[in-house]
Amino acid sequence: MRLLNLGFGNAVVANRVVAIVSPSSAPMKRLKETAKKEGKLVDATQGRKTRSIVVMDSDHIVLSAIQSETIAQRLEEELIKG
């Protein structure tokens with residue numbers, strides 16, 4: 001099991017990540033609100049500005065304060081290792 005570092009001591013299982021997206025578009029804002037209503041939103045920003053949204057295969061949405069590009073690079077490195 002490989003973990004993907006989302007910053008500030010937070011991590012998710014790398015193989016369960018479906019997408020890493022920017023939070024600025026309207027559809028992503030709706031996705032975030034829907035997940036919050038359903039109780040499937042995980043805020044891993046530690047009080048900082050949300051810079052990326054990680055979509056998991058369990059329909060959970062994880063918010064991160066790390067840029068999407070950085071998380072994507074980390075994911076690629078983890079998947080290459082394993």
Side-chain angles (χ1 to χ4, degrees):
M1 174 174 66
R2 298 272 184 202
L3 295 178
L4 174 62
N5 181 358
L6 297 180
F8 309 108
N10 300 296
V12 295
V13 177
N15 291 338
R16 300 197 65 186
V17 173
V18 175
I20 303 166
V21 294
S22 173
S24 58
S25 69
M28 291 306 110
K29 290 178 183 177
R30 283 193 300 272
L31 179 68
K32 178 179 158 183
E33 287 304 313
T34 302
K36 187 174 183 177
K37 288 177 187 173
E38 294 175 358
K40 293 193 171 196
L41 182 68
V42 178
D43 186 353
T45 62
Q46 303 293 329
R48 292 168 177 85
K49 180 180 176 185
T50 300
R51 292 209 160 97
S52 62
I53 296 175
V54 181
V55 181
M56 307 300 291
D57 64 357
S58 61
D59 290 334
H60 283 81
I61 304 299
V62 183
L63 306 179
S64 176
I66 304 297
Q67 292 288 346
S68 300
E69 295 83 8
T70 304
I71 294 176
Q73 283 178 330
R74 292 176 183 179
L75 178 61
E76 185 177 5
E77 290 169 6
E78 283 302 319
L79 293 178
I80 289 172
K81 286 182 192 175

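Bear in mind that the values here come from a model prediction, so they are computed numbers and not experimental data.
Closest approach of R51 and S68 over heavy atoms only: O-OG, 3.7 Å. Nearest heavy-atom pair across G7 and I66 is CA-CG1, 3.9 Å. Smallest separation of non-hydrogen atoms from T45 and T50: CG2-OG1, 3.6 Å. Listed here is the closest heavy atom pair of V21 and M28: CG2-SD, 3.3 Å. Across all non-hydrogen atoms, the minimal contact from A44 to N10 is O-ND2, 3.2 Å. Between L75 and L4 the shortest heavy-atom distance is N-CD1, 3.4 Å.
Note on residues 70-82: pairs passing salt bridge (Lys or Arg N to Asp or Glu O under 4.0 Å), not counting sequence neighbours, are E78-K81. Every pair passing salt bridge (Lys or Arg N to Asp or Glu O under 4.0 Å) that includes a residue from residues 2-28 is listed here, sequence neighbours excluded: R16-D57.
The side-chain heavy atoms of V55 and L31, taken from C-beta on, include a pair separated by under 4.5 Å. Using a 4.5 Å heavy-atom cutoff, the side chains of M56 and V18 are not in contact. Counting only heavy atoms from C-beta outward, the side chains of I20 and I53 never approach each other to under 4.5 Å.
The distance from atom OG of S22 to atom CD of E69, rounded to the nearest 0.5 Å, is 8.0 Å. Atom NZ of K49 and atom OG of S64 lie 13.0 Å apart (nearest 0.5 Å). Expressed to the nearest 0.5 Å, how far CG of N15 lies from CG of L79 amounts to 6.0 Å. Between atom CG of residue D43 and atom CD1 of residue I61 there is a gap of 12.5 Å, rounded to the nearest 0.5 Å.
More than 12 heavy-atom neighbours from other residues, nucleotides or ligands sit within 6.0 angstrom of NZ on K40.
Under the 4.5 Å side-chain heavy-atom criterion for ILVMFWY residues, a single connected hydrophobic cluster contains both V17 and V62. Note on F8 and I71: same hydrophobic cluster, where clusters join Ile, Leu, Val, Met, Phe, Trp and Tyr whose side-chain heavy atoms are under 4.5 Å apart, directly or indirectly.
Here D59 pairs with nothing under the side chain to side chain donor-acceptor pair (under 3.5 Å) rule; sequence neighbours left out.
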